[in-house]
Undergrad: 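Below is the structure I would like to discuss, written out as structure tokens.
Here is how names work: the chains are called A, B, and so on, in the same order as the sequence lines, proteins then strands, and each is numbered from 1. For clarity, every value in this text was computed on a predicted model and none was experimentally measured.
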Amino acid sequence: MSDVKRHKREVRNYLVGFGLAALLTIIPFAITAAGGLSRTWFDLAILLAAVVQVLVHLRYFLHIDLRHTPRENLLALGFTGVLMVLMIGGTLWIMGNLAARMMGT
Amino acid sequence: MSEVDTKAHDEAEEKAYGFWLFLMSDAILFSLLFATYAIMVTATDNGPARTEIFGYWRTAANTALLLSSSLTMGLASIAICEARKAAAFQWIIVTMILALAFLVLEIQEFAGLVAQGAGPDRSGFLSAYFTLVGTHGAHVTVGLIWMAVLCLHLAMAPIGPAVQSATERLTMFWHLVGIVWIGIYSMVYLPGLYQ
């Protein structure tokens, strides 16, 4: 591949990522400004936009790609994801349970 | 590729992997700060709650600044990879201006909160808020210093493999800072602003 072609591809990669990220940012800000959703649907919509945008950043900005990224980098990323779920989920579970048991005291 | 090139390439890859591991541990640190915030968010001690202290447009401006800086940092890294010095300088400086504007807005926000009696010592909620957002702000500051150092390197010598490999790590770092901010506006600011 010529240098010019590669340059164009890399710049386009960043611009596509930026466009998607901007869209996925505008959506939750618009939802917040508009109001009207119930709290549950609001939380779900914000969470979904955030998760998708994180994936967009990983793919287009950090160039994570299931085929070309070295396997050990993917393993570290996957392990980090597992730890996050365990630690955030575990913390919320235990502390939520504690709060429920402490109600009214 | 010559033998020297291959060696430099391997070294750069090893460093990128080591730095990737650091970033993953950093991400875990932030996830715990998020968990702490989620638990503390109701612990307002009859002080200011999350619905009272955040500004919509300030959050939007900070988000726009940081997201744009991710793009310009990426363009800087492409320019450095291709050894185009003028373009590299241009994009790094734009990135630094965006990051600096972000920090100014954040420091103003923190100062305003402290002035209205909503400092980190007011309640568990505010402690968790300042810890989470402040740690992110510290990362932005470190990134800014790193960019200044990179500018010095660029000014002093032609672009070589050492600067290119350092830029790769700086870019990864900056994108992580951007990803953490997605979590911050989604989990901290917008839920607080939603009525």
Undergrad: Could you state whether A:L86 and B:F30 fall into the same hydrophobic cluster, counting links through intermediate Ile, Leu, Val, Met, Phe, Trp or Tyr residues with side-chain heavy atoms under 4.5 angstrom apart?
TA: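 In one cluster with A:L86: B:F30, no.
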Undergrad: Do you know the tightest heavy-atom contact between B:S186 and A:I46?
TA: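 That closest heavy-atom pairing would be O-CG2, 3.3 Å.
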Undergrad: Might you point out which heavy atoms bring B:A35 and A:L92 nearest each other, and give the distance in Å?
TA: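 Scanning both residues, the minimum pair turns out to be O-CD2, 4.3 Å.
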Undergrad: Inspect the surroundings of CZ in A:F79 and state if more than 12 heavy atoms from other residues, nucleotides or ligands are less than 6.0 Å away.
TA: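 No, CZ of A:F79 has 12 or fewer neighbouring heavy atoms, counting only those of other groups under 6.0 Å.
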Undergrad: Which answer fits B:L193, side chain, backbone, both or neither, if we ask what part of it has an atom under 4.5 Å from a heavy atom of chain A?
TA: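 Both backbone and side chain.
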Undergrad: Side chain from CB out, backbone as N, CA, C, O: work out which of these in B:L32 comes under 4.5 Å of a heavy atom of chain A, or both, or neither.
TA: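 Side chain only.
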Undergrad: Taking the side chain as every heavy atom from C-beta outward, state whether A:H57 and B:L67 have any atom pair closer than 4.5 Å.
TA: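 Of all side-chain heavy-atom pairs linking B:L67 with A:H57, at least one is under 4.5 Å.
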Undergrad: In terms of heavy-atom proximity below 4.5 Å to chain B, should A:A49 be classed as side chain, backbone, both, or neither?
TA: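 Contact with chain B is absent: no heavy atom of A:A49 under 4.5 Å.
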Undergrad: Report yes if some heavy atom in the side chain of B:Y185 is under 4.5 Å from a heavy atom in the side chain of A:F29; otherwise report no.
TA: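 With C-beta onward as the side chain, the pair touches.
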Undergrad: Name the region of B:T42, side chain, backbone, both or neither, that has any atom closer than 4.5 Å to a heavy atom of chain A.
TA: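 No part of it gets close to chain A.
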Undergrad: Given heavy-atom pairs under 4.5 angstrom as the criterion, report whether the side chain, backbone, both or neither of A:Y14 touches chain B.
TA: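 For A:Y14, backbone and side chain are both near chain B.
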Undergrad: Below 4.5 Å from any heavy atom of chain A, which atoms of B:E82 appear? Answer side chain, backbone, both or neither.
TA: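 Looking at B:E82, just its side chain touches chain A.
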Undergrad: Counting heavy-atom pairs under 4.5 Å to chain A, which of B:S25, B:A60, B:A64, B:A38 comes out on top?
TA: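 Heavy-atom pair counts peak at B:A60.
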Undergrad: If hydrophobic clusters are built by linking Ile, Leu, Val, Met, Phe, Trp and Tyr wherever their side-chain heavy atoms come under 4.5 Å apart, do A:M84 and B:V180 end up in the same one?
TA: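 The answer is no; the residues belong to distinct hydrophobic clusters.
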Undergrad: With the side chain counted from C-beta on, respond yes when B:T171 and A:F61 share a heavy-atom pair under 4.5 Å apart, and no when they do not.
TA: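 No, too far: nothing below the 4.5 Å cut-off.
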Undergrad: Answer yes or no: are there more than 12 heavy-atom neighbours, outside B:L152 itself, under 6.0 Å from its atom CG?
TA: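 Result for CG/B:L152: enclosed.
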Undergrad: For a 4.5 angstrom cut-off between non-hydrogen side-chain atoms, does B:Y194 reach A:L37?
TA: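 Side-chain contact under 4.5 Å: yes.
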Undergrad: In terms of heavy-atom proximity below 4.5 Å to chain B, should A:L98 be classed as side chain, backbone, both, or neither?
TA: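 Contact with chain B: none, neither part.
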Undergrad: Between A:I26, A:N73, A:V51, A:L62, which residue shows the highest count of heavy-atom pairs closer than 4.5 Å to chain B?
TA: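 Going by pairs under 4.5 Å, I would pick A:N73.
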Undergrad: Does CG in B:D45 sit with more than 12 non-hydrogen atoms of other residues, nucleotides or ligands closer than 6.0 Å?
TA: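 Yes, CG of B:D45 has more than 12 neighbouring heavy atoms, counting only those of other groups under 6.0 Å.
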Undergrad: Quick check: closest heavy atoms across B:I179 and A:L58, and the distance to 0.1 Å?
TA: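 Distance-wise, the nearest heavy atoms are CD1-CD2, 4.0 Å.
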Undergrad: Could you tell me which portion of B:M73 (side chain, backbone, both or neither) has an atom closer than 4.5 angstrom to a non-hydrogen atom of chain A?
TA: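 It is neither, since no heavy atom gets under 4.5 Å.
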Undergrad: Let's test your reading of the structure: which of B:T59, B:L21, B:L75 forms the most heavy-atom pairs below 4.5 Å with chain A?
TA: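 Most pairs with chain A among the choices: B:T59.
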Undergrad: Heavy-atom pairs under 4.5 Å with chain A - which of B:M187, B:E13, B:R84 has more of them than the others?
TA: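 Highest number of pairs under 4.5 Å: B:R84.
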Undergrad: Tell me whether B:I28 shares a hydrophobic cluster with B:W20, the cluster being built from Ile, Leu, Val, Met, Phe, Trp, Tyr side chains joined at under 4.5 Å.
TA: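 In one cluster: no.
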Undergrad: Looking only at heavy atoms, what is the nearest atom pair of A:A30 and B:Y56, with distance?
TA: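 That closest heavy-atom pairing would be N-OH, 4.1 Å.
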Undergrad: A:R39 versus B:P191: any side-chain heavy-atom pair under 4.5 Å?
TA: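 SC-SC contact between A:R39 and B:P191 confirmed.
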Undergrad: Starting at CD1 of B:I78, measure out to CD of A:E10 and round the result to the nearest 0.5 Å.
TA: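 The distance works out to 5.0 Å.
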Undergrad: About how many Å separate CD1 of B:I182 and OG1 of A:T25, when rounded to the nearest 0.5 Å?
TA: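 One gets 6.5 Å once the value is rounded to the nearest 0.5 Å.
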Undergrad: Please flag which part of B:S70 lies under 4.5 Å from any non-hydrogen atom of chain A: side chain, backbone, both or neither.
TA: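 Contact with chain A: backbone and side chain both.
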Undergrad: Mind checking whether B:W91 and B:I145 sit in one hydrophobic cluster, side chains of I, L, V, M, F, W, Y counted as touching below 4.5 Å?
TA: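 Different clusters.
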Undergrad: Are the side chains of B:H175 and A:H63 in contact, using a 4.5 Å heavy-atom criterion?
TA: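 Answer no - side chains too far apart.
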Undergrad: Using non-hydrogen atoms only, which part of A:A33 is less than 4.5 Å away from chain B: side chain, backbone, both, or neither?
TA: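 Both parts, backbone and side chain.
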Undergrad: Counting only heavy atoms closer than 4.5 Å, note whether A:I88 contacts chain B via side chain, backbone, both or neither.
TA: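 A:I88 touches chain B through backbone and side-chain heavy atoms alike.
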Undergrad: Just checking A:K8: does its NZ atom have more than 12 heavy atoms from other residues, nucleotides or ligands closer to it than 6.0 angstrom?
TA: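 At most 12 heavy atoms, drawn from other residues, nucleotides or ligands, come within 6.0 Å of this atom.
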Undergrad: Hydrophobic clusters here meaning ILVMFWY residues chained together by side-chain heavy-atom distances under 4.5 Å, can you tell me if B:L105 and B:L144 are in one?
TA: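 Linked within one cluster.
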